[in-house]
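Scroll down for the structure; my scribbles are underneath it.
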Amino acid sequence: MKLLIQGVSIAVLFSLFSPAAALSDLNGKFVAKGKKFWGSCADSNTLDISQNVAILQSDFGQVTPENSMKWDATEPSQNSFSYTGADALVNWATTNNKLIRGHTLVWHSQLPSWVSSIGDAASLTSVIQNHISNLAGRYAGKLYGCEIFNEDGSLRSSVFSNVLGEDFVTIAFTAARAADSTAKLYINDYNLDSANAKVQGMVSLVQRVNGGGTTLIDGIGTQMHLSRLAASGVSEVAITELDIAGGAASDYTAVVNACLAVSKCVAITSWGVSDANSWRASTTPLLFDNNYQPKAAYDAVIAALS
């Protein structure tokens, strides 16, 4: 027989007010293995959630803006810049002594129509340079790294590749280097988890861009297949936007061990803290469940790092 207080069971009250499961400083254990950080994406919508913030503070060493630095958020109309969301993320990270990775300056998606409708090479070049100069310049000296491209290793069809061809890669990285000389500049892609044509295409692209006597691309962001990417000549690689459908402990430990096995793999960034806020929440892909409690995958990762 359950004891009720004004219709609420003691069991329910205990679950509401009991402390969260003890955490184990995921970032600290990862750094102790010689890595730079284990981070998470964040933005104002999740920085307003106290449970989410508490875990970011205790277990993550870096934050990446999930959406607030993308083109539609920062320059919705030409030469009219808005930094409310990005400033909030950067200010929170600075206050809480977290590293920051910029994300993402040039992407085919979340792109305002005024950009995607440009058909003139000179105009598009100027627009890319102006956008990156403003955005990267605003946070110059504050970012550990900055992801210039997302999912463009194979040069998918986009306004950038259609109008400028491969030259847009060099145009964008040159502008970013001029705007922020200290940030590690990254190219990021998905489906780099096997020795496939896309991996070789990414390696070849990086080597061509960096082959002109100036290193523009410092790092490659990926999910896996780190050793081949590390051999491209970049100074570092990282596992970015990590979420795993089903969140199996064995899959997470495989990712951790892959990074530990490659000296140039400097970081892992989870794409969120809790399943509750994941962009694909129905697949329960993260280390913390909908109630911000650590899952078996979290425990397995901690064990692998201990």
Side-chain angles (χ1 to χ4, degrees), residues 2-33 35 37-67 88-89 92-93 95-101 223-224 238-260 267-306:
K2 291 183 179 179
L3 179 61
L4 297 178
I5 299 178
Q6 294 184 342
V8 180
S9 74
I10 289 293
V12 171
L13 286 173
F14 183 79
S15 68
L16 288 174
F17 295 106
S18 61
L23 301 183
S24 302
D25 188 9
L26 170 62
N27 179 69
K29 284 183 166 51
F30 195 52
V31 170
K33 293 293 185 179
K35 304 306 181 180
F37 59 79
W38 191 307
S40 172
C41 72
D43 257 334
S44 294
N45 62 317
T46 50
L47 293 176
D48 286 340
I49 302 171
S50 60
Q51 303 102 306
N52 194 83
V53 168
I55 296 171
L56 283 174
Q57 290 171 328
S58 69
D59 270 59
F60 293 91
Q62 172 267 133
V63 287
T64 298
E66 185 170 13
N67 290 297
L89 183 283
W92 183 90
T95 300
N96 287 275
N97 297 313
K98 304 298 181 183
L99 296 172
I100 309 162
R101 286 186 75 247
Q223 292 177 1
M224 293 287 282
I239 297 170
T240 58
E241 303 184 40
L242 177 63
D243 54 14
I244 301 174
S250 59
D251 290 339
Y252 265 97
T253 54
V255 171
V256 171
N257 289 331
C259 185
L260 292 177
I268 294 176
T269 298
S270 297
W271 209 240
V273 171
S274 163
D275 291 337
N277 305 304
S278 170
W279 69 288
R280 52 176 188 165
S282 63
T283 69
T284 61
L286 298 173
L287 293 172
F288 295 82
D289 66 19
N290 287 329
N291 296 313
Y292 298 91
Q293 298 301 302
K295 295 157 62 173
Y298 175 90
D299 295 334
V301 168
I302 293 298
L305 294 174
S306 298

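- With rounding to the nearest 0.5 angstrom, the CG atom of D25 is 11.0 Å from the CZ atom of F60.
- Residues that satisfy the disulfide bond (SG atoms under 2.5 Å apart) test with C41, not counting sequence neighbours, are absent from this structure.
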Checklist line | Residue pair N290, T284: steps toward the side chain to side chain contact (heavy atoms under 4.5 Å, CB included) verdict | finding: CA-CA 8 Å; N290 287 329; T284 61; 5.7 Å; no
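- Residues L23 and P294 approach most closely at CD2-CG, 3.8 Å, considering heavy atoms.
- With a 4.5 Å cut-off on side-chain heavy atoms, Y252 and L242 count as touching.
- From I49, atom CD1 reaches atom CG of N277 across 4.0 Å, with rounding to the nearest 0.5 Å.
- Judged by distance alone, the side chain of T253 and the main-chain N or O of A249 form a donor-acceptor pair under 3.5 Å.
- Using a 4.5 Å heavy-atom threshold, the side chains of L260 and N257 count as touching.
- Atom-to-atom distance recorded for L287:CG and D289:CG is 11.0 Å, nearest 0.5 angstrom.
- Legend: residues meeting side chain to side chain donor-acceptor pair (under 3.5 Å) with S40, ordered by chain and number and at least two apart, are absent.
- Each of V273, I244, D243 was checked for a side-chain contact (heavy atoms from CB on, under 4.5 Å) with L286, and the lone residue meeting it is D243.
- Minimum interatomic distance between R101 and T269 (heavy atoms only, all atoms of both residues): CD-OG1, 4.4 Å.
- Between I302 and S306, the closest heavy-atom pair is O-OG, 2.6 Å.
- The heavy-atom pair separating I239 from C259 by the smallest distance is CD1-CB, 3.9 Å.
- Among residues two or more places apart in sequence or in another chain, the salt bridge (Lys or Arg N to Asp or Glu O under 4.0 Å) test is passed with D275 by K295.
- Shortest non-hydrogen contact noted between P285 and S278 is CG-OG, 3.4 Å.
- The distance from the CD atom of E241 to the CH2 atom of W279 is 8.5 Å, given to the nearest 0.5 Å.
- Atom CD1 of residue I55 and atom OH of residue Y292 lie 7.5 Å apart, to the nearest 0.5 angstrom.
- Contacts of D59 classified as side chain to side chain donor-acceptor pair (under 3.5 Å), with partners at least two apart in sequence or in another chain: Y298.
- A search for side chain to side chain donor-acceptor pair (under 3.5 Å) contacts involving N96 returns Q57, not counting sequence neighbours.
- The CG atom of L47 lies 6.0 Å from the CG atom of L89; values are rounded to the nearest 0.5 Å.
- Looking at residues two or more places apart in sequence or on another chain, you find a side chain to side chain donor-acceptor pair (under 3.5 Å) between N67 and K70, Q110.
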